[in-house]
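Protein chains get the first letters and strands the later ones, always in sequence-line order, with residue 1 at the start of each.
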Amino acid sequence: MADTGLLEALLRLLEKVDGGIESQDVAADLGVDHQLIVGAVKSLQALGEVISAQQKSSKRWELTGEGREIAEQGSHEARVFNAIPDEGLPQNELMKMPSGKVGFSKAMSNKWIRLDKAHEGGPRVFKTVETIEDTVRDKLQLVQKGLSAKLEDKEKNELKKRKLLSEVTVKSYWITKGSSFSTTITKQETELTPEMIASGSWKEKKFKPYNFEAMGVAADCGHLHPLMKVRTQFRQIFLEMGFTEMPTNNFIESSFWNFDSLFQPQQHPARDQHDTFFISDPALAHEFPQDYLERVKQVHSEGGYGSQGYKYDWKIEEAQKNLLRTHTTAVSARMLYKLAQQKFTPVKYFSIDRVFRNETLDATHLAEFHQIEGVVADYGLTLGNLMGILHQFFTKLGLKKWVEVGNSGVFRPEMLLPMGLPEGVSVIAWGLSLERPTMIKYGINNIRELVGHKVNLQMVYDSPICRLDS
Amino acid sequence: MPTVSVKRDLLFEALGQKYTDEEFDELCFEFGLELDEITSEKEILIREQGDEKAEGASDVVLYKIDVPANRYDLLCLEGLVRGLQVFKEKLEAPRYKRVSPADGGEPQRLVITEETASVRPHAVAAVLRNITFTQERYESFIELQEKLHQNICRKRTLVAIGTHDLDTISGPFTYTAKPPGEIRFKPLNQSKEYTATELMSLYKTDSHLRHYLHIIENEPLYPIIYDSNGIVLSMPPIINGDHSKISLNTKNIFIECTATDLTKAKTTLDMVVTMFSEYCEEPFTVEGAEVVYPDGRLCVYPELAYRTETLSGDFINKRVGINESAESIAQLLTRMCLRSEVSGEGDLIQVEIPPTRADVIHACDIMEDAAIAYGFNNIVRSTPRTYTIANQLPLNKLTELLRQDLAAAGFTEALTFALCSEEDIADKLRKNIAETRAVHISNPKTTEFQVARTCLLPGLLKTLAANRKMPLPLKLFEISDVVLKDETKDIGARNNRRLCAVYYNKSPGFEVIHGLLDRVMQLLDVKPGRNQGYHIQAAEDSTFFPGRCAEIFSCGKSIGHLGVLHPDVISRFELTMPCSAIDIDIEPFL
């Protein structure tokens with residue numbers, strides 16, 4: 001805040017005029033530097049509508065440092081001339097003067113002085129005229145008084161060339177009275193303080209206006225990962241629909257549970273090294289429900305339960321091979337087998353967890369992703385039921401076109417009956433990936449920006465909450 | 001799902017009707033197929049190899065149709081047309097018949113010797129008589145074999161098909177196996193003879209055949225089929241002989257399929273002959289061939305077996321969720337090439353499964369076909385009445401609750417890969433891989449997938465490294481599973497749910513990470529204290545800076561570590577600032 005006295009002096013000047021005043025005139029009137037007046041204008045503006053000020057810029061001639069020296073002490077040539085006594089001065093002495101060199105040549109060309117090179121005792125300088133007129137000094141003094149308009153452009157440019165004058169751009173203000181003009185200053189408060197509240201002084205104060213265009217200070221907080229936010233919503237949907245969560249915390253699975261139990265033949269391409277990560281240590285699973293395993297072997301190799309089977313030589317060695325599960329359906333198989341070992345009660349199960357594929361990676365495929373799976377087991381379920389529950393699920397997701405997003409179906413009797421589930425029980429199931437709806441929801445094109453260590457943390461910081469149905 | 005590519009105009013000619021693209025797309029959908037793409041050879045070439053290569057290529061319109069993986073009967077134009085015509089009730093499904101040679105002649109015979117047992121023990125055969133090829137039919141015949149090889153034959157590992165001009169060879173044929181050095185013949189489309197050994201190196205660079213070499217490459221004996229004059233028909237599953245190759249003018253075709261899976265061999269043979277017997281003088285008849293096994297058993301192929309299943313209309317109605325009469329269901333099934341009749345007893349339906357429908361192995365497959373023919377879009381959606389109470393998995397419930405509060409404590413959630421390199425969990429953490437209890441992957445395509453992670457720390461450090469440009473401090477956490485070997489489990493390994501957090505800044509911030517531990521314990525309602533509570537105790541751990549690591553105990557049990565990371569760990573993860581970390585097992589808090 002500029003000095004209050006200056007502010008009030010400015011306001012008093014303004015009070016006297018009808019229209020407005022120029023800040024440079026104010027500076028001249030008050031005899032202070034123009035920059036101080038600029039500061040005062042800014043302070044007054046911050047107080048609200050006391051004054052109104054329009055910035056303008058104008059060009060002005062100003063003396064350089066050397067120019068100011070000449071205005072005070074005379075031009076170099078005048079100083080040389082004045083230094084020479086009537087009897088003359090040795091040239092080498094003259095040259096020792098501060099203005100000696102420049103002044104000598106200027107005074108020579110003005111023909112104010114002459115040089116007697118042949119003088120005994122070395123070259124000597126003599127005046128050639130009685131008096132001189134120091135026009136350079138006169139012109140500079142005119143500029144100093146603000147009367148540069150009296151000089152011709154040619155003259156000013158010549159002085160500019162001699163680096164005695166310079167043309168500067170001056171930012172100044174055209175100041176007029178504001179809507180709440182007053183000649184006294186009330187200081188504005190920046191913030192409400194406890195003291196003001198206690199004393200009630202806030203009632204008398206004026207408060208500095210806030211800049212509502214600026215952003216606030218970023219909240220100091222942690223953030224949840226967008227994929228996990230979507231996972232939470234999918235969990236919520238399943239829970240709302242009465243589905244119980246399956247224990248999927250077993251990334252390593254045997255081929256038996258991942259493939260054989262699902263009636264996936266041992267020659268199936270999905271069981272190829274190119275599609276599935278197999279485990280070298282621990283390479284083999286060593287424990288299976290033996291009688292169930294026998295039934296699985298039979299239904300693959302010979303059929304049964306109304307099935308022709310695949311009629312091939314089913315090998316335990318193939319079933320023992322450990323792998324990184326390729327789908328969470330391996331867990332569904334374990335859960336359905338477990339269910340079959342008890343008196344049957346209808347169930348609805350779900351899981352959302354990681355699965356692994358030894359696939360070629362690209363912008364939308366990684367070697368691991370999250371699979372969402374829903375399973376319903378009950379007597380007499382129909383294809384109409386499957387379509388009905390899918391419709392409900394995808395309605396909750398807010399997705400109209402759901403056919404493209406996932407897979408669904410009815411588990412085969414060759415899978416269910418060997419487990420020991422009752423004949424009339426049907427199991428319907430569907431699955432989809434968590435990544436795809438998340439990428440759509442958050443507008444992410446490259447999966448690496450979302451999943452894995454190459455994640456863009458700024459994206460995590462900035463991602464909105466997840467409401468799937470809006 | 002295999003994609004079958006057919007010429008549109010040929011298809012419409014065979015169907016006896018023209019369709020718009022939309023109409024044909026609709027027809028495919030009704031029949032359970034998907035019209036995937038409408039294109040041309042030229043378009044494909046432009047897309048794959050650029051404009052120049054495509055110059056002069058055909059711009060005949062091609063339909064690319066996605067066919068369900070086990071519908072081998074729809075892999076060629078002939079099968080597609082037959083299926084669609086029967087579906088639209090314009091044609092009755094043909095009956096495929098095996099016949100004996102005309103004029104009471106002897107059937108062709110293929111004798112299997114015992115040497116084949118070690119490499120490829122099965123073979124089946126059949127003859128197509130008096131066939132008439134056109135250019136299109138011939139191409140389709142070759143293309144079907146290729147499609148079968150890629151699908152049911154599992155890239156020739158299970159079955160390999162050989163087709164021969166029967167008039168160039170004379171039976172009986174011998175299927176045997178010999179050392180590659182002793183096999184010598186002129187292979188298809190070559191001008192001179194090679195030994196089998198030479199062929200294997202010749203085909204190393206063949207863009208097509210090199211994919212099949214591995215099937216027999218390391219076998220001491222290679223499979224080989226000779227005619228009675230010692231002429232080589234084929235060296236399955238690699239290449240046929242040049243001598244017996246078929247052409248547009250071939251009239252009589254000898255088909256052999258050698259296999260490691262007999263069921264698949266029979267199905268494959270059935271597919272080839274049912275599809276192309278259409279062009280025989282007497283359509284849909286196939287001349288049987290005898291196959292003699294090393295033990296003297298004699299079988300006649302192709303089997304062309306028809307099977308009848310009996311099921312009730314009620315079964316179909318209840319499984320699909322419709323209410324149709326048995327007669328109407330029988331009609332639906334007949335349209336799917338499953339000739340069906342109501343047997344007169346109640347609502348029982350006799351369903352005949354033809355040799356072309358090897359995919360129908362259970363009544364549920366018949367049910368599915370009934371649903372397709374009825375139209376999925378015509379089935380009324382209904383909500384299952386299954387009443388259940390939902391439960392969360394306690395471990396996941398705890399994880400969800402903790403995640404929320406860790407974010408509230410100012411830490412940001414990372415989501416890192418469960419697979420990583422050995423280096424990530426061992427060398428970079430200054431640990432010995434042998435002591436990590438890590439599960440190892442046998443067939444990783446890159447080092448990124450050598451092991452399942454045994455701790456969450458490497459993933460978080462890599463996340464820091466990828467985000468070094470972000471303003472400091474960086475505070476990250478993850479609650480997720482690691483995998484550890486565990487012999488008490490049926491598969492020898494188990495997951496372990498862990499909580500890991502890191503603080504990365506210009507100063508190590510041990511007190512920040514320590515404060516996070518205090519907060520987590522507060523959330524878990526565990527008080528500070530030696531016995532029933534939690535405490536930390538100085539410990540040595542090679543991942544951490546000496547004197548800056550403590551072990552965390554809860555109720556007297558060690559649950560993890562916290563501390564300032566060792567400078568070597570920091571630089572090995574390409575980081576430059578001090579970093580403190582906490583890693584605990586959360587399963588004890590269930």
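A donor atom on one side chain and an acceptor atom on the other are found under 3.5 Å apart for A:R235 and B:Q392. Inspection of the A:Q267 and B:D261 side chains reveals an N or O donor paired with an N or O acceptor under 3.5 Å.
For the residue pair B:R381 and A:G388, the shortest heavy atom distance occurs at CB-CA, 3.8 Å. Contact detail for A:H453 and B:G459: the closest heavy-atom pair is CB-O, 3.8 Å. When all heavy atoms are compared, the tightest approach of B:T412 to A:G222 is OG1-CA, 3.8 Å.
Of the two parts of A:I279, the backbone and the side chain both hold a non-hydrogen atom closer than 4.5 Å to a non-hydrogen atom of chain B. For A:F251, the parts lying near chain B are the backbone and the side chain together; criterion is any non-hydrogen pair under 4.5 Å. Residue A:Y379: no heavy atom, backbone or side chain, is found under 4.5 Å from chain B. Contacts between B:F417 and chain A at a heavy-atom distance below 4.5 Å involve backbone atoms as well as side-chain atoms. Only the side chain of B:L158 has a heavy atom closer than 4.5 Å to any heavy atom of chain A. When heavy atoms are compared at a cutoff of 4.5 Å, A:Y461 approaches chain B solely by way of its side chain, counted from C-beta outward. Heavy atoms of A:S426 lying under 4.5 Å from chain B belong exclusively to its side chain. For a residue to count as touching a neighbouring chain, one of its non-hydrogen atoms must lie under 4.5 Å from one of that chain's; by this rule B:V483 touches chain A with the side chain only. For a residue to count as touching a neighbouring chain, one of its non-hydrogen atoms must lie under 4.5 Å from one of that chain's; by this rule B:L460 does not touch chain A. For a residue to count as touching a neighbouring chain, one of its non-hydrogen atoms must lie under 4.5 Å from one of that chain's; by this rule A:T345 does not touch chain B. For B:A409, no part lies near chain A; criterion is any non-hydrogen pair under 4.5 Å. Both the backbone and the side chain of A:V451 have a heavy atom closer than 4.5 Å to some heavy atom of chain B. In this structure, the portion of B:S480 lying under 4.5 Å from any heavy atom of chain A is its side chain and not its backbone. In this structure, chain B has no heavy atom under 4.5 Å from any part of A:L323.
No salt bridge links A:D272 with B:K155; every basic N to acidic carboxylate O contact stays at or beyond 4.0 Å. Ion pair B:E400/A:R231 flagged as a salt bridge, since at least one NZ, NE, NH1 or NH2 atom sits closer than 4.0 Å to an Asp/Glu carboxylate oxygen.
Looking only at heavy-atom pairs under 4.5 Å with chain A, the residue among B:N317, B:L393, B:I379 that has the most is B:L393. Contact count against chain B (heavy-atom pairs under 4.5 Å) is highest for A:Q392 among A:Q392, A:E253, A:M241. Ranked by heavy-atom pairs under 4.5 Å with chain B, the first of A:G380, A:A219, A:P269, A:A367 is A:P269. Across B:N151, B:N496, B:V360, B:D365, the residue that shares the most heavy-atom pairs under 4.5 angstrom with chain A is B:D365.
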(Q) As a quick check of understanding, evaluate salt bridge (Lys or Arg N to Asp or Glu O under 4.0 Å) for B:R437 and A:D281, giving each step before the final call. (A) CA-CA 10 Å; B:R437 290 161 70 199; A:D281 180 22; over 6 Å; no
Q. Stepwise, does the side-chain contact (heavy atoms from CB on, under 4.5 Å) test hold for B:L419 with A:F356?
A. CA-CA 9 Å; B:L419 306 184; A:F356 304 85; 3.8 Å; yes
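The 12-atom threshold is not exceeded at CZ of B:F29, counting heavy atoms of other residues, nucleotides or ligands nearer than 6.0 Å.
Remark: A:K229 NZ to B:R403 CZ distance equals 9.5 Å, nearest 0.5 Å. With values rounded to the nearest 0.5 angstrom, B:N391 atom CG is found 9.0 Å from A:L239 atom CG. How far NE2 of A:H268 is from CZ of B:R154: 6.0 Å, rounded to the nearest 0.5 Å. How far CG of A:N385 is from OG1 of B:T386: 7.0 Å, rounded to the nearest 0.5 Å. Distance check, rounded to the nearest 0.5 Å: CZ of B:R319 to CG of A:L381 gives 9.0 Å. For the atom pair A:T382 OG1 and B:M367 CE, the distance stands at 9.5 Å (nearest 0.5 Å).
Looking at heavy atoms from C-beta onward, A:P282 lies out of side-chain contact with B:E487 at the 4.5 angstrom threshold. Counting heavy atoms from C-beta outward, B:T383 and A:H391 have side chains that stay 4.5 Å or more apart. In this structure, the side chains of B:E413 and A:H223 stay at 4.5 Å or more apart for every pair of heavy atoms. For the pair B:V439 and A:L324, the minimum side-chain heavy-atom distance is 4.5 Å or more. B:E309 has its side chain within reach of A:Q308: a pair of non-hydrogen atoms, C-beta onward, lies under 4.5 Å apart. A 4.5 Å side-chain heavy-atom check between A:N249 and B:R497 finds at least one atom pair inside the cut-off. Using a 4.5 Å heavy-atom cutoff, the side chains of A:Y310 and B:I361 are in contact. Counting heavy atoms from C-beta outward, B:L415 and A:H370 have side chains that approach closer than 4.5 Å.
Residues of residues 470-479 of chain B that come closer than 4.5 Å to chain A, counting heavy atoms only, are B:M470, B:L474, B:L476, B:F477, B:E478, ordered by residue number.
Side-chain atoms of B:T388 come within 3.5 Å of backbone atoms of A:G242 as a donor-acceptor pair (strictly under, hydrogens ignored). Side chain of A:N358 to main chain of B:N443: a donor-acceptor pair is present (N/O by atom type, distance under 3.5 Å, no hydrogens or angles). Formation of a donor-acceptor pair under 3.5 Å by the B:N467 side chain with backbone atoms of A:V455 is found in this model. A distance-only check finds no donor-acceptor pair linking the side chain of A:E287 to the backbone of B:I491 [under 3.5 Å]. Here the side chain of A:E368 pairs a donor or acceptor atom with the backbone of B:A418 at under 3.5 angstrom.
The side-chain hydrogen bond (donor to acceptor under 3.5 Å, both in side chains) check on B:T260 picks up nothing, with sequence neighbours excluded.
In this pair, A:F277 and B:F449 present their aromatic rings tilted. The plane angle is within the 30 to 60° band.
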